[in-house]
2 protein chains.
Amino acid sequence: MAMLKKPALLLSAFATVVSAGQVFANAELLKLQEDPNLWVMPNGNYSSTRFSALDQINTSNAKDLKVAWTFSTGVLRGHEGGPLVMNDVMYVHTPFPNKVFALDLNNDGKIIWKYEPRQDPSVIPVMCCDTVNRGLAYGDGKIFLYQADTTLVALDAKTGEKLWSVVNGDPSKGATGTAAPMVVKDKVYVGISGGEFGVRGYLTAYNIADGKMVWRGYSMGPDSDTLMDPEKTTHLGQPVGKDSGTATWEGDQWKIGGGTTWGWYSYDPNLNLVYYGSGNPSTWNPSQRPGDNRWSMTIWARDADTGMAKWVYQMTPHDEWDYDGINEMILVDKEIKGQPRKALVHFDRNGFGYTLDRVTGELLVAEKFDPAVNWATHVDMETGRPQVVPEFSTAHNGEDVNTTGICPAALGTKDQQPSAYSPRTGLFYVPTNHVCMDYEPFRVAYTAGQPYVGATLTMYPAPGGDHLGNFIAWDADQGKIVWSIPEQFSVWSGALATAGDVVFYGTLEGYLKAVDAKTGKELYKFKTPSGIIGNINTYTHKGKQYVAVLSGLGGWAGIGMAAGLTEPTAGLGAVGAYASLSDYTQLGGQLTVFELPN
Amino acid sequence: MAMLKKPALLLSAFATVVSAGQVFANAELLKLQEDPNLWVMPNGNYSSTRFSALDQINTSNAKDLKVAWTFSTGVLRGHEGGPLVMNDVMYVHTPFPNKVFALDLNNDGKIIWKYEPRQDPSVIPVMCCDTVNRGLAYGDGKIFLYQADTTLVALDAKTGEKLWSVVNGDPSKGATGTAAPMVVKDKVYVGISGGEFGVRGYLTAYNIADGKMVWRGYSMGPDSDTLMDPEKTTHLGQPVGKDSGTATWEGDQWKIGGGTTWGWYSYDPNLNLVYYGSGNPSTWNPSQRPGDNRWSMTIWARDADTGMAKWVYQMTPHDEWDYDGINEMILVDKEIKGQPRKALVHFDRNGFGYTLDRVTGELLVAEKFDPAVNWATHVDMETGRPQVVPEFSTAHNGEDVNTTGICPAALGTKDQQPSAYSPRTGLFYVPTNHVCMDYEPFRVAYTAGQPYVGATLTMYPAPGGDHLGNFIAWDADQGKIVWSIPEQFSVWSGALATAGDVVFYGTLEGYLKAVDAKTGKELYKFKTPSGIIGNINTYTHKGKQYVAVLSGLGGWAGIGMAAGLTEPTAGLGAVGAYASLSDYTQLGGQLTVFELPN
């Protein structure tokens, strides 16, 4: 494991070992991710726009959509993420035990190969929010699977043969794998889950050829761990200074400080920067960790080759509500406040929709994307700090005090379910939660591998309504909601925007919905077998456009049913508000593929 | 428990306790089962024709079928049987743990109520052929569920409230419940599974009002157990004689003699007779039970009120191959051999398609419905006995000798998957297996609750072909196949025939298929999420015809995958021939509902 202090040197060292195949991997993937006929990355492309240039399905004919074929994964519980598609093959993953199926699109999904890892089931209770997995990555002829037990596996995309594997963390200490990896050039990046077990987060780059670790950048710790340059790495334009990843922590708390990296990764090939967010500081009890707890709750821009941090932006210093900052970073080139920008747009758990300059990390816009958000009045655009309302400050109210009526709840105005962006409308399509909470922090002692949560909470619909979610269209320049569709439950599925001006999303009751990108008008809905927490994708096969989605209730919102909790308010992050979900749907694990009639 | 010896007396006693509500139940159900807009019995009606007078879906438009909505049951493994439909509600059952869902047809299957029994999972390993359940019965405002643990439960059809329950057998001795009950007048009939555990079979009638047992008729034992009258009960027109249920057994072997009753029940309201078949004699080693082993492997006609046997016909005396006689009895009024008959048509595991006079039990036709059948040359129409080919007689070859090349295999030319009959074509539509076997009997000692099998076997495709199944159209008068569609795997789903001249069935790979009733020409196919071993039904909702089927691989053919056997040839009734199923589909548990476009 190399903790890089001299990136320039290492870069040159790296250059000497690049093989022709590795360079090709980069060029190939850069090209593939631009091909609308394929779906080679979890969020469609390096920019994570979840936009497809396909337009066969449009606002006029979407009403005629029908199911083309279906596939049961043979696994129940929460199916997050979505399949990859290329070369007439669809690659489908499952929650634990993390099976992978290569399905033949020329034969209604006949199984070409399957990979069924054997994992120690003791990892299941260590997974905070269901046994989810957010998908696969492709690169250099390989399919990369990141297992619950943190094993990163490279499979031959043609045969399913295991080419190599490497272990990225220690489940016995609470580290687990849930994120989809990302391949850039000759590396595959993968994060770590386990913020509720005191895992200190990191992003790691492995060589796609053999699984050797190239770099690892922690979310906190000394500069050698965080891969920060005190002078060159900036926060809102200012150098972060020496060991900024320990300076705002008391004692050694940073060593079990959280900031895990279980969300999505984006990449700008021109800037050669990788973008992602870090999660909550550990524990959830803010009184146990005074200070800003840098760099939890932070947007990161790292050099793709060296891992060195170019800039960071901490959205929620000293978190008091579990507002993980791991949601997707959408990279768009767009006029913001009258000026063309290489922008990064991010909808955070904390309820603010951020627009930043992704070159510099400059904060351009930070506005609430749900009017219910009340924990902060606004974000100070100078300091970047949210202005916390004392009434809703669990730190201010102190340990063993139940702070009530905080909006959003811990699962955020949006969780990991990724948004979409259409360059045709200039709008972002955001699946959201409309949920508030009561939050009571308590003192907790750290024991390796044991839950290190330090708060109890209850979630319920936001005041003045009886719905738990909205699907919204967002103007990232103005920081305003353009239209909003109320949904009975949280919208926990990833959205898809298309050049047919149709936007797709799924609901926890199990509906796939297609709406007009301009107006939000519902064009089509279909009740899939189970609740949808998967992400919609689209592709062509033999020249025809298809839309695919995984059903399978679970995830944080569905954990009550997924884990078979008999007490609707039991378990981590009590989800009693979702108990009535079982009146609509049951557990499942199915792929549904849609098409227009011939 | 009343062992009836004087049925006439008891009949009059019964008449005095009939309540108005109970009489209504009879009249209501008689009417409901004739209404093509509903599906109130597992096989559509008392005659088990699985024919629907609906004709909106026809041979011209079946190609346009599409999926209307879907529902995941949240349970994996084999989903046999199919849902009931009435009053805008669909009642869906699952394999163990035998959940029941009442789904709102006015709301894409929103769950009106669900019943989730808690059963001791120790029953699972006692179930020979997957954790299947073949469906629910309706009567008198109640839904009847027969659980794996043999508990018969009456649920309020409107609310799901449990009204009463009664235990029908002892799982600790190998008795389990898999069959769908049948309601006639004020009684609900239910059988018993466990022939591989030496369970002595019986059919029991319970009062639908309170679950009190009314009568129980055993498959073997003294007349007081079998409810036979030595003079009046006939076998091929001859009185069976005194204690015919013990006379062809050596010693007390009949007490653990099998003849279980896990198939389907039919009813003729005019004759007031209930028809069903009994299963294999125990053990599978014929040398341990010399004699005809009456009345295993027998078609029964019992008085619906008293249980007294009117006639019996033993198809496979002294079984040597596990050719259970439990398959459905289809009651049709039809010209047979030039004479109008109240006929009973039955496609037996032993590979013969039988036509009998259901009034008298006279044998009219007995012909092979798969040319591969080789264990007997023919059925002697005088004696009703199959003429066994010594080469394929496992009794003749003796214990510890592997008799090879027997056709059909133990799972029969057809297993429980019910056939359909169309009065429009006069043809029967039969889902079949095309499988042969090697069979080696061995001596086994009886221990209560332990497998009492006494044979090992291997199954493989019938010679000269590479397919394991056929879907055939059968002329029950001529005893001839009219057309036959080869299928890669056994056709383990129940068929549906409609007045639109469309016949439906499902395949183990997961296809729902619609074919022309006259020609067998494929009109439509759709890949459902998992393998289909469920039975297709049809109904109308708001005037529109729908077709529904459960997917969920399992059952005997799919036991390898369902039970997660890592060794494809391991387990009871080795099913190695089906190992490649996992290249096509995975476990599942989903309802798929089809419709024509608006």
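Just so it is clear: chains get the letters A, B, ... in the order the sequence lines come, proteins before strands, and each one is counted from 1.
When every heavy atom of B/I111 is checked against every heavy atom of A/T585, the shortest pair comes out as CD1-N, 3.9 Å. Taking every heavy atom of both residues into account, A/Q590 and B/P529 meet most closely at CG-CB, 4.2 Å.
For the options A/F101, A/W113, A/W69, A/F526, heavy-atom pairs under 4.5 Å to chain B are most numerous at A/F526. If you tally non-hydrogen atom pairs under 4.5 Å between each of A/I112, A/L103, A/V67 and chain B, the highest count goes to A/V67.
In this structure, A/T528 OG1 and B/D108 CG are separated by 10.5 Å, a value rounded to the nearest 0.5 Å. One distance of note links CG of A/N598 with NZ of B/K63; it measures 11.5 Å at 0.5 Å rounding. Here the CD atom belonging to A/Q586 is positioned 8.0 Å from the OG1 atom belonging to B/T73, to the nearest 0.5 angstrom.
Contact check for B/L76 versus A/L76: side-chain heavy atoms found under the 4.5 Å cut-off.
Atom NZ of A/K544 has more than 12 neighbouring heavy atoms from other residues, nucleotides or ligands inside a 6.0 Å radius. Annotation: B/N87, atom CG; neighbour count of heavy atoms from other residues, nucleotides and ligands within 6.0 Å does not exceed 12. Heavy atoms from other residues, nucleotides or ligands lying under 6.0 Å from CG of B/N106 number more than 12.
Between the side chain of A/K110 and the backbone N or O of B/E509, no donor-acceptor pair lies under 3.5 Å. With hydrogens and angles disregarded, no donor-acceptor distance shorter than 3.5 Å links the side chain of A/S530 to the backbone of B/S72. Panel note: side chain A/K114, backbone B/S582; a donor-acceptor pair is recorded below 3.5 Å.
Only the side chain of A/E116 comes within contact range of chain B, with at least one heavy atom under 4.5 Å from a heavy atom of that chain.
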